[in-house]
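Here the structure is laid out as structure tokens; the discussion comes afterwards.
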Amino acid sequence: MVQKIVDDIRAALNNDLYFVALSTALTLPDICGKAEYPDEKSCKKRYIDWYDKEIGYYEKNPHQTTDEEMPYLSGSVIYSLRCSLLHEGNPNVDNGQLTRKNASLPIDYFVLKVEKKKDFDIYSDSSGITNIFGQHRREYTMSIRRICLIMCCVAEDYYNKNKEKFHFNYEILDWDKATEHLPPIDMEAFMKTLADPDLGL
């Protein structure tokens, strides 16, 4: 299932379906978190723990030069975006939720960046802390393509290395493939048969 979801996200990106891709990509930490922490009851904790271990740790600024940590895509930020987008249709982060979690993580101004596909699939985010006219503001601009591609690559790699953990009970039936050996139905003849009064249908 993970591979199918990843393939669908990439197809959505190739067709500039940014919010289809992002909404779907935001479910990958849910799926992988459940596989990694099957006994953890809190889906929020599973989500954040898996994301931070596999992705969030590498999103931090490795050359922090200020006392205040720069905004970055932590598990808490991505989980907040997931909840806002999937449950409210609001592509933003809940600053109140982030403040309750850790006072250093709020993002006061969040921007989602959409951009056409580039030849080498290289995209960037930006973050900053500004103090203008006495107003302290933490900002983050997130490229939808960048985060989707990262989550796809990481989830795909995690799945390939941990297939034994993905033992959810389901089946996906490709109906077209299952019925490809059957002859095509002549709908015109079928409708004429249904309309025949002698059949008493």
Side-chain angles (χ1 to χ4, degrees), residues 1-59 72-93 110 112-125 142-185:
M1 182 67 171
V2 171
Q3 189 60 59
K4 177 61 176 162
I5 291 172
V6 166
D7 291 343
D8 284 356
I9 293 167
R10 289 176 175 149
L13 288 174
N14 288 338
N15 288 282
D16 299 333
L17 301 172
Y18 303 108
F19 287 96
V20 171
L22 179 59
S23 298
T24 309
L26 289 170
T27 68
L28 290 171
D30 272 315
I31 299 164
C32 295
K34 176 66 175 173
E36 181 67 15
Y37 309 108
D39 299 326
E40 174 56 57
K41 301 299 182 197
S42 168
C43 72
K44 178 179 180 179
K45 181 165 174 34
R46 289 194 308 255
Y47 190 106
I48 292 172
D49 287 353
W50 183 87
Y51 179 92
D52 278 340
K53 177 183 172 189
E54 301 292 334
I55 299 173
Y57 173 81
Y58 305 98
E59 290 288 299
Y72 73 99
L73 296 182
S74 68
S76 296
V77 169
I78 292 295
Y79 184 78
S80 177
L81 175 61
R82 164 218 183 258
C83 293
S84 294
L85 185 59
L86 299 183
H87 300 309
E88 302 170 5
N90 175 12
N92 201 355
V93 295
F110 184 71
L112 282 179
K113 180 169 59 173
V114 297
E115 53 193 318
K116 294 283 188 185
K117 182 175 173 56
K118 297 178 182 175
D119 290 339
F120 297 104
D121 269 338
I122 297 174
Y123 310 95
S124 64
D125 289 4
M142 184 185 89
S143 165
I144 290 179
R145 282 191 184 274
R146 176 183 177 273
I147 194 61
C148 286
L149 291 172
I150 288 172
M151 287 206 278
C152 282
C153 288
V154 173
E156 186 176 46
D157 183 63
Y158 175 82
Y159 172 71
N160 287 330
K161 290 177 178 173
N162 297 281
K163 287 184 179 179
E164 74 283 354
K165 294 180 180 180
F166 291 82
H167 48 79
F168 308 133
N169 188 17
Y170 65 86
E171 178 184 359
I172 298 174
L173 175 61
D174 184 336
W175 185 251
D176 294 327
K177 194 168 190 170
T179 60
E180 65 187 359
H181 66 284
L182 298 175
I185 298 172

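Atom CG of residue L13 and atom CG of residue D8 lie 11.0 Å apart, to the nearest 0.5 angstrom. R10 CZ to L149 CG: the interatomic distance, rounded to the nearest 0.5 Å, is 7.5 Å. The CG atom of L22 lies 12.5 Å from the CZ atom of R82; values are rounded to the nearest 0.5 Å. Separating the OG atom in S76 from the NZ atom in K44 is a distance of 7.0 Å, to the nearest 0.5 Å. With rounding to the nearest 0.5 angstrom, the OH atom of Y51 is 4.5 Å from the CG atom of L73. Between atom CG of residue L26 and atom SG of residue C148 there is a gap of 7.0 Å, rounded to the nearest 0.5 Å.
The shortest distance between side-chain heavy atoms of M1 and F166 does not fall below 4.5 Å. Looking at D16 and Y18, their side chains come closer than 4.5 Å, going by heavy atoms from C-beta outward. Considering only heavy atoms from C-beta on, Y123 stays 4.5 Å or farther from I147 through its side chain. Side-chain contact check for Y37 versus S42: every heavy-atom pair is 4.5 Å or farther apart. At a threshold of 4.5 Å between non-hydrogen side-chain atoms, the residues Y159 and I31 do not count as touching.
A salt bridge links D121 with K117; the closest basic N to acidic carboxylate O contact falls under 4.0 Å. Remark: D30 does not engage K34 in a salt bridge, criterion side-chain N to carboxylate O under 4.0 Å. Salt bridge annotation for E36-K165: present, with a cationic side-chain nitrogen under 4.0 angstrom from a carboxylate oxygen. Between R46 and D39, none of the side-chain N atoms (NZ, or NE/NH1/NH2) sits under 4.0 Å from a carboxylate O, so this pair counts as no salt bridge. Under the 4.0 Å criterion applied to side-chain N and carboxylate O atoms, R146 and E59 are assigned as salt-bridge partners.
Side chain of T27 to main chain of T24: a donor-acceptor pair is present (N/O by atom type, distance under 3.5 Å, no hydrogens or angles). In terms of modelled atom types and a separation under 3.5 Å, the side chain of N160 and the main chain of E156 share a donor-acceptor contact.
In this structure, L112 and M142 approach most closely via the heavy-atom pair CD2-CE, 3.2 Å. Across every non-hydrogen atom of K113 and S124, the tightest pair is NZ-O, 2.8 Å. Contact record, E54 with Y158: OE2-CD1, 4.1 Å, taken as the closest heavy-atom pair. The two atoms that bring I48 and G75 nearest to each other are CG1-O, 3.6 Å, heavy atoms only. Pairing each heavy atom of C152 with each of I9, the nearest pair is SG-CG2, 3.4 Å. The shortest non-hydrogen separation linking G56 to Y72 is O-CE1, 3.6 Å.
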Next on the checklist: I'd like to know whether D7 forms a side chain to side chain donor-acceptor pair (under 3.5 Å) with Q3, so could you lay out the CA-CA distance, the side-chain angles of the two residues, the decisive distance to 0.1 Å, and finally the verdict.
Outcome noted: CA-CA 6 Å; D7 291 343; Q3 189 60 59; 3.0 Å; yes

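For K45, the NZ atom is loosely surrounded, since the number of other residues' heavy atoms within 6.0 Å does not exceed 12. Summarising the local packing, CD1 of I185 is surrounded by 12 or fewer heavy atoms from other residues, nucleotides or ligands at distances under 6.0 Å.
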